[in-house]
Amino acid sequence: MSYKGLESTKEWFEQAIPSPTLEIACVQIGCHLEEVSEMLEALELFASAGRIGELAVLFKQKDTRMLNLIRNVDLIELTDSLIDQQVTATGVMHNLNIDALGALAEVNRSNFSKFEDGKAVFDKNGKIKKGKHYTSPDLSPYV
């Protein structure tokens, strides 16, 4: 079994954020929720997407309430949830005949193109933004 795609994703984060902090984790949870919101929009569940989107903004802004949630989270329960999300996302793609490994490789390629001179560029909230050499992923071959 190969984990190369996931290893590449982890390598990207290690290069982009060599010294993680609670605040950066808060921003990343916001980014994760933003992607959940986009999935709900794709399914045309706009009311739910809006609510999740509002939470995403609070996390990306490092709102004190969101930071406190992270400070007090049970990391075992959170880990279980996040791994289950990876598994169920892969299952959804499998059942829709989406090439999950190919799509992940393409997203990883695109993410590495965000770097400028081998380093991540951040917005004012600490979210990694698209650098001057960024190229968006072409996912069409995988669906």
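Computed from a predicted structure; not experimentally measured.
- With rounding to the nearest 0.5 angstrom, the CD1 atom of Ile52 is 10.0 Å from the NE2 atom of His32.
- Heavy-atom minimum distance, Ser37 versus Ala49: OG-O, 2.8 Å.
- Judged by distance alone, with hydrogens and angles left aside, the side-chain atoms of Ser110 form a donor-acceptor pair with the main-chain N or O of Thr135 at under 3.5 Å.
- Of all non-hydrogen atoms in Glu34 and Lys127, the two that sit nearest each other are OE1-NZ, 3.1 Å.
- Grouping the Ile, Leu, Val, Met, Phe, Trp and Tyr side chains by contacts below 4.5 angstrom, directly or via other members, places Leu96 apart from Leu43.
- The line from CD1 of Ile29 to CG of Leu82 is 7.5 Å long, rounded to the nearest 0.5 Å.
- Between Met93 and Ala100, the shortest heavy-atom contact is CE-CB, 3.7 Å.
- Closest of all the heavy-atom pairs between Glu23 and Leu67 is CA-CD2, 4.0 Å.
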Val121 and Lys114: CA distance, side-chain angles, deciding distance, side-chain contact (heavy atoms from CB on, under 4.5 Å) verdict: CA-CA 8 Å; Val121 180; Lys114 292 179 179 180; over 6 Å; no
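- No donor-acceptor pair closer than 3.5 Å links the side chain of Asp99 to the backbone N or O of Pro141.
- Between the CG atom in Leu58 and the CE atom in Met66 there is a gap of 5.0 Å [rounded to 0.5 Å].
- A donor-acceptor contact closer than 3.5 angstrom links the side chains of Ser81 and Gln85.
- Rounding to the nearest 0.5 angstrom, the gap separating the CG atom in Leu78 from the CD1 atom in Ile70 is 8.5 Å.
- Side chains of Arg109 and Ser8: no donor on one and acceptor on the other come within 3.5 Å.
- Looking at Leu139 and Val107, their side chains come closer than 4.5 Å, going by heavy atoms from C-beta outward.
- Distance check, rounded to the nearest 0.5 Å: CG of Leu69 to SG of Cys26 gives 8.5 Å.
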Phe122 vs Ile128, side-chain contact (heavy atoms from CB on, under 4.5 Å): CA-CA, chis, key distance, verdict: CA-CA 4 Å; Phe122 297 89; Ile128 297 168; 3.5 Å; yes
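- If you check the side chains of Arg65 and Asn68, you find no donor sitting under 3.5 Å from an acceptor.
- Checking side-chain atoms of Lys62 against main-chain N and O of Asn125 turns up a donor-acceptor pair under 3.5 Å.
- Cluster membership check: Val92 does not share its hydrophobic cluster with Met39, using side-chain heavy-atom separations under 4.5 Å among Ile, Leu, Val, Met, Phe, Trp and Tyr.
- Counting heavy-atom neighbours within 6.0 Å of Asp74 CG, excluding the residue itself, gives a total above 12.
- Using a 4.5 Å cut-off between side-chain heavy atoms of Ile, Leu, Val, Met, Phe, Trp and Tyr, with links allowed through other members, Leu101 and Val143 fall into different hydrophobic clusters.
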Test side-chain contact (heavy atoms from CB on, under 4.5 Å) applied to Gln86 and Leu6, step by step: CA-CA 10 Å; Gln86 287 181 325; Leu6 188 55; 3.8 Å; yes
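- With Glu106 contributing its side chain and Asp138 its backbone, the two residues share a donor-acceptor pair below 3.5 Å.
- When the ring pair (Phe, Tyr, Trp, His ring centres under 6.0 Å) test is applied to Phe115, the partners found at least two apart in sequence or on another chain are Trp12, Phe112.
- Here the closest non-hydrogen pair linking Tyr134 and Ser136 is OH-CA, 3.3 Å.
- Note on Leu40: it clusters hydrophobically with Leu55, by side-chain heavy-atom contacts below 4.5 Å among ILVMFWY residues.
- Between Leu33 and Ala56 the shortest heavy-atom distance is CB-CB, 3.8 Å.
- Separating the NZ atom in Lys124 from the NZ atom in Lys129 is a distance of 11.0 Å, to the nearest 0.5 Å.
- Other residues, nucleotides and ligands place no more than 12 heavy atoms under 6.0 Å from the CD1 atom of Ile76.
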